[in-house]
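Naming convention: chains lettered A, B, ... in sequence-line order (proteins, then strands); numbering from 1 in each chain. Values below: all heavy atoms of this structure, side chains included; hydrogens, waters and symmetry mates excluded. All of these numbers come straight from a predicted model, not from anything done at the bench.
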Amino acid sequence: MRRDCIRPVSFTFSALFKACGAKLDVELGRQIHAQTFFIGGYESDLFVGNTLIDMYVKCGFLDCGRCVFDEMPERDVISWTSLIVAYAKNGDMEVAGELFEGLPEKDMVAWTAMITGYVQNAKPKEALKMFEMMRDAGVRTDEVALVGGISACAQLVAEKHAQWICDIADKEGLSPVTNVVVGSAFIDMYSKCGRVEEAYRVFESMKVKNVFSYSSMIVGFAMHGKADAAMKLFYEMVETETKPNRVTFVGVLTACSHAGMVQQGRCLFASMQKDYGVVPDADHHACMVDLLGRAGHLEEALELVETMPLEPHGGVWGALLGACRLHGNPDIAEIAAKHLFELEPNSIGNYILLSNIYALAGRMEDVSRIRKLVRGKGMKKNPGCSWVEAKDGNIHEFYAGEMTHPKSKEIKKALEKLLDTLKREGYKPNLSSIVYDISDGEKEQVLKTHSEKLALSFGLLTTTAGSPIKIVKNLRVCEDCHLVMCGASRITKREIVLRDNMRFHHFRDGVCSCVSTEMAMGIWDDGILLPLIPYP
DNA sequence: TTAGGGTTAG
């Protein structure tokens with residue numbers, strides 16, 4: 001067949017592969033793949049090869065995509081990038097990185113694929129490093145690349161980096177005022193950095209707003225416990241005829257949940273489909289279970305799960321289990337846990353939660369039964385990790401129980417001193433988060449090595465007096481650390497912002513912002529730290 | 001005419 005005859009035919013093949021990729025129909029894709037024989041195989045045409053890789057990886061057949069890539073006699077940056085994205089989406093950043101290293105000419109899209117890959121795999125430090133390298137290589141930055149950088153800053157809660165990103169956005173003429181994608185990413189970043197007012201300032205400045213900007217802002221308000229603001233914005237959004245989507249409803253339902261607005265939440269849930277055409281999915285049901293459960297309506301929450309029209313996922317049962325911990329209900333907890341152990345057999349958090357519920361109910365024989373189960377499965381708790389931004393903008397990581405930081409000795413000494421001062425003021429370590437059979441003295445020693453305390457001590461040592469300290473933690477903050485943060489904010493006159501995997505805690509003058517919601521604890525009363533309500 | 005993107009709950 002003559003070469004000029006092949007071109008139109010190869011366009012047809014590519015269009016077919018694209019369609020198969022979109023429909024996730026790998027069987028049909030394979031059949032068409034076999035037919036490339038008639039044009040001398042896909043190897044004869046780079047364009048056909050690239051769309052074939054894309055088809056396989058979209059359908060989830062990464063290995064087949066890799067085979068095509070390996071067999072192609074000629075590849076371009078698009079072939080490499082398709083594969084890099086596929087590995088990144090598969091969570092394999094190591095292979096993605098190797099491919100990227102081997103890529104002879106890296107363009108902006110390839111760099112962005114790596115940046116975004118790291119962001120999606122919760123490796124914000126690596127993402128920012130990539131972003132920096134891309135800038136150093138003199139590659140242009142467009143809005144997609146910028147959004148990758150902004151998301152990385154959001155994950156890190158890194159003020160200095162955030163400012164750096166803002167400056168770049170300015171330089172590149174990508175202003176949140178005129179660019180709705182950049183604007184929405186900034187709203188998200190500021191919310192996640194604990195600066196919800198700044199997020200709202202960006203939101204207000206935006207000339208064009210869409211469902212992403214509204215939803216991001218609503219979710220931001222919800223995250224910081226500002227339920228009224230979230231609801232107000234929701235109705236404002238509806239008035240502007242911006243159609244809410246599923247994420248918008250996750251936001252408003254969460255806001256209601258944290259504020260205990262049960263009736264308001266019930267109404268919203270009922271009107272989702274009726275008034276806005278958004279069919280409640282499992283996530284919305286999880287929000288409702290959380291809302292009802294937190295408010296103590298455990299029976300109603302259970303009924304909702306048992307009668308929901310779709311299969312409940314781990315999030316739904318998890319919300320119920322969390323509510324059982326809050327209200328100390330081991331009976332409903334057992335029902336939720338049974339499903340969770342089936343759905344998420346390797347998630348140790350559920351076992352720990354159930355064992356804590358038994359412990360609260362004084363059912364110690366059940367506690368040891370669960371512990372044995374966990375041991376038998378060989379499961380280990382994820383190590384706690386916290387990070388904090390130093391004065392120079394560098395991010396410092398701390399793992400629970402590890403003293404590998406170069407300044408470990410000073411950090412430990414400063415922490416001891418801080419804890420001694422707190423004790424003189426009435427602080428008593430809260431040992432309840434430690435469930436192993438060790439003495440109280442040993443428990444206290446373990447608590448001293450919690451990652452957020454190390455991060456706090458480092459922050460106090462290395463940042464300017466009076467400036468706020470921002471800490472991020474991968475797990476939920478424990479009772480004792482929460483107590484210490486409260487006390488530290490008072491005696492050091494520092495604002496401490498701690499983001500754990502659940503929400504924000506703003507500690508100021510001995511009080512935490514979560515006090516007004518479900519986590520009222522560690523407030524100062526005549527100079528004595530008192531847990532008000534048992535920590536969930 | 002093939003590659004990268006923003007919001008998500010326990």
Side-chain angles (χ1 to χ4, degrees), chain A residues 7 10-11 13-15 17-18 21 45-55 57 76-86 88-89 103 107-117 119-120 142-151 154 176 179-189 191-192 210-220 222-223 244-255 257-258 281-291 293-294 312-326 336 340 344 347 349-350 353 476 501-503 536:
Chain A
R7 287 310 296 174
S10 67
F11 279 139
F13 271 106
S14 296
F17 289 141
K18 199 177 167 189
D45 193 300
L46 183 59
F47 181 47
V48 174
N50 282 347
T51 44
L52 189 53
I53 293 178
D54 194 52
M55 187 276 293
V57 300
D76 64 4
V77 63
I78 296 177
S79 341
W80 293 82
T81 309
S82 298
L83 216 52
I84 287 170
V85 170
K89 292 219 162 111
L103 174 54
D107 68 1
M108 182 176 62
V109 178
W111 280 101
T112 310
M114 283 302 291
I115 295 168
T116 310
V119 169
Q120 287 164 348
D142 72 354
E143 61 168 16
V144 185
L146 189 69
V147 163
I150 300 172
S151 304
N179 188 312
V180 69
V181 178
V182 172
S184 304
F186 268 119
I187 292 170
D188 176 56
M189 180 188 77
S191 300
K192 286 184 180 154
N210 64 7
V211 63
F212 281 94
S213 17
Y214 274 105
S215 303
S216 300
M217 196 62 243
I218 289 170
V219 169
M223 213 175 348
N245 66 10
R246 46 183 308 281
V247 180
T248 323
F249 280 102
V250 168
V252 280
L253 291 173
T254 312
S257 184
H258 287 311
D281 63 16
D283 293 344
H284 299 112
H285 282 84
C287 290
M288 274 313 283
V289 170
D290 186 57
L291 170 78
R294 252 181 230 276
H313 58 28
V316 178
W317 289 114
L320 189 61
L321 189 64
C324 290
R325 160 90 206 252
L326 190 59
L340 278 169
E344 304 172 346
S347 173
N350 299 324
L353 209 50
R476 195 163 190 174
N501 65 345
M502 301 297 299
R503 58 177 304 149

For a quick check of understanding: with a heavy-atom distance under 4.0 Å over all strands, which category does [X] fall into, base, sugar-phosphate or nothing?
X	value
A:V219	sugar-phosphate
A:L340	base
A:A222	nothing
A:Q120	sugar-phosphate
A:D283	base
A:V48	nothing
A:V181	base
A:G314	base
A:T116	sugar-phosphate

From A:N50, A:I53, A:V77, A:T51, residue fulfilling side-chain contact (heavy atoms from CB on, under 4.5 Å) relative to A:S82: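 Of A:N50, A:I53, A:V77, A:T51, side-chain contact (heavy atoms from CB on, under 4.5 Å) with A:S82 is met by A:I53 alone.
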Stepwise ring-ring contact (aromatic ring centres under 6.0 Å, His included) test for A:F13 and A:F47: CA-CA 9 Å; A:F13 271 106; A:F47 181 47; over 10 Å; no
Opening and closing nucleotides of DNA chain B in contact with chain A, under 4.0 Å to non-hydrogen atoms: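 Contacts span B:dT1 to B:dG10, reading 5' to 3'.
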Exam field: side chain A:N350 to backbone A:L353, donor-acceptor pair closer than 3.5 Å: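 Side chain of A:N350 to backbone of A:L353, a donor-acceptor pair under 3.5 Å: no, none is there.
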Any donor-acceptor N/O pair, A:T116 side chain to A:A113 backbone, under 3.5 Å: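 Answer holds: no.
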4.5 Å side-chain heavy-atom contact, A:V219 and A:V250: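 No, side chains not in contact.
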A:K18/A:D54 ion pair, N-O < 4.0 Å: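 Answer for the salt bridge query: no.
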